[in-house]
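Remarks on the structure that follows.
All heavy atoms count here, side chains included; hydrogens, waters and symmetry mates do not. Quick note: residue numbers are just sequence positions, from 1.
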Amino acid sequence: MTDAAPQHAAPKTREDLFRFLDGLGIKHSTKDHPPVFTVAESVSLRDEIPGGHTKNLFVKDKKDNFFLLTVEENAAVDLKTVHTLIGAASKVSFGKPEKLMEYLGVVPGSVTAFGAINDTGKNVTFVLDAELMTHDIVNCHPLSNDATTSIANGDLIRFMEATGHTPLVLKVTS
């Protein structure tokens, strides 16, 4: 018998995400579009997709506690002080792409609050900015950056809770 490397489940797909949302009775709609990697590239979609549009910051503290900050696309986050708001052990820095894939099942450019569906080990604390959550509809990538999924703000929280996460809703933007 050989020692096999630990097997990680393959990251969930957007179809898995939609089945999960449907199973929870959560209404969602998705618009496919060319891949977008930055907020600037996604601005052209604003007229077609109403609601709050997100930007996501995957960060970690010196004790390797990971956080996903989901904020309104044009909001500013002070990375020098945000640790005091989110309960980090130290100032934060950006998490490595390998951890992003391992924990959230996404690559840079596709980071999304929906990544909670892949964080089965509860390695990430999810933070939803209070300003973003004033929008009735929140728009996130469905695990890839070639589509945008719209969901009610309360349903986003319900989704996260169903994945075993209790998101923090905090004002982390200036």
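Leu57 and Leu85 fall within a single hydrophobic cluster, where Ile, Leu, Val, Met, Phe, Trp and Tyr side chains are chained together by heavy-atom contacts under 4.5 Å. The hydrophobic cluster containing Val127 does not contain Met133, counting ILVMFWY residues as joined when their side-chain heavy atoms lie under 4.5 angstrom apart, directly or transitively. The cluster map of Ile, Leu, Val, Met, Phe, Trp and Tyr, joined by side-chain heavy atoms under 4.5 Å apart, puts Met160 and Ile117 in the same cluster. A continuous path of hydrophobic side-chain contacts links Phe67 to Val82 [ILVMFWY only; heavy atoms under 4.5 Å].
Taking the ring-ring contact (aromatic ring centres under 6.0 Å, His included) definition, one finds that Phe20 meets it with Phe159, sequence neighbours left out.
Put simply, CG on Asn74 and OG1 on Thr173 are 11.0 Å apart, with the number rounded to the nearest 0.5 Å. In this structure, OG in Ser150 is found 10.5 Å from NZ in Lys31, a value given to the nearest 0.5 Å. Atom CG in Asn145 sits 7.5 Å away from atom NE2 in His33 (nearest 0.5 Å). To the nearest 0.5 Å, atoms OG1 (Thr112) and CG (Leu143) are separated by 6.0 Å. Going from atom NZ of Lys99 over to atom CG of Asp64 covers 7.0 Å, rounded to the nearest 0.5 Å. Atoms CG and CZ, from Asn56 and Phe114 in turn, are 10.5 Å apart once rounded to the nearest 0.5 Å.
The shortest heavy-atom contact between His135 and Glu72 is NE2-CG, 4.1 Å. When all heavy atoms of Leu100 and Val107 are compared, the pair lying nearest together is CD2-C, 3.8 Å. When all heavy atoms of Ala89 and Lys63 are compared, the pair lying nearest together is CB-CD, 3.7 Å. Lys96 approaches Phe58 most closely through the heavy-atom pair O-CE2, 4.0 Å. Considering every non-hydrogen atom in both Ile151 and Leu156, the closest pair reads CD1-N, 3.9 Å. Between Ala147 and Pro142, the shortest heavy-atom distance links the atoms O-CD, 3.1 Å.
Of the candidates Leu170, Asp129, Ile86, Leu168, Ile86 is the only one forming a side chain to side chain contact (heavy atoms under 4.5 Å, CB included) with Leu69. Residue Leu132 forms a side chain to side chain contact (heavy atoms under 4.5 Å, CB included) with just one option from Val71, Val138, Val172, and that option is Val138.
Under the 3.5 Å distance criterion, the side-chain polar atoms of Asn118 are matched with a main-chain donor or acceptor of Lys12. A distance-only check finds no donor-acceptor pair linking the side chain of Asn123 to the backbone of Tyr103 [under 3.5 Å]. Between the Lys60 side chain and the Val92 main chain, no donor and acceptor come within less than 3.5 Å of each other. In this structure, the side chain of His53 engages the main chain of Ile49 through a donor-acceptor pair within 3.5 Å. A donor-acceptor contact shorter than 3.5 Å links the side chain of Asp119 to the backbone of Val124.
Judged as a side chain to side chain donor-acceptor pair (under 3.5 Å), the pairs with a partner in residues 151-163 (not counting sequence neighbours) are, in order, Asp155-Arg158, Thr163-His165.
Within the 4.5 Å cutoff, the side chain of Leu68 has heavy atoms near those of the Val111 side chain. Using a 4.5 Å cut-off on side-chain heavy atoms (C-beta onward), Val77 and Leu79 make contact.
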Evaluation steps, side-chain hydrogen bond (donor to acceptor under 3.5 Å, both in side chains), between Asn139 and Thr148: CA-CA 6 Å; Asn139 296 292; Thr148 298; over 6 Å; no

Trace of the salt bridge (Lys or Arg N to Asp or Glu O under 4.0 Å) decision for Asp32 with Arg14: CA-CA 12 Å; Asp32 291 300; Arg14 71 187 252 176; 2.8 Å; yes

Working for side-chain hydrogen bond (donor to acceptor under 3.5 Å, both in side chains), residues Thr30 and Thr149: CA-CA 4 Å; Thr30 298; Thr149 296; 2.7 Å; yes

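More than 12 non-hydrogen atoms from other residues, nucleotides or ligands lie less than 6.0 angstrom from NZ of Lys171. Counted within 6.0 Å of NZ on Lys122, heavy atoms from surrounding residues, nucleotides or ligands total more than 12; the atom is thus considered enclosed.
Residues Asp78 and Ser174 have side chains that never bring a donor and an acceptor to within less than 3.5 angstrom of each other. His83 and Ser90 share no side-chain donor-acceptor pair at under 3.5 Å. A donor-acceptor pair shorter than 3.5 Å cannot be found between the side chains of Ser144 and Ser110.
Residues Phe18 and His28 place their aromatic rings such that the two centres sit under 6.0 Å apart.
Under 4.0 Å is where a charged nitrogen must lie from a carboxylate oxygen, and between Asp16 and Arg19 at least one such pair does.
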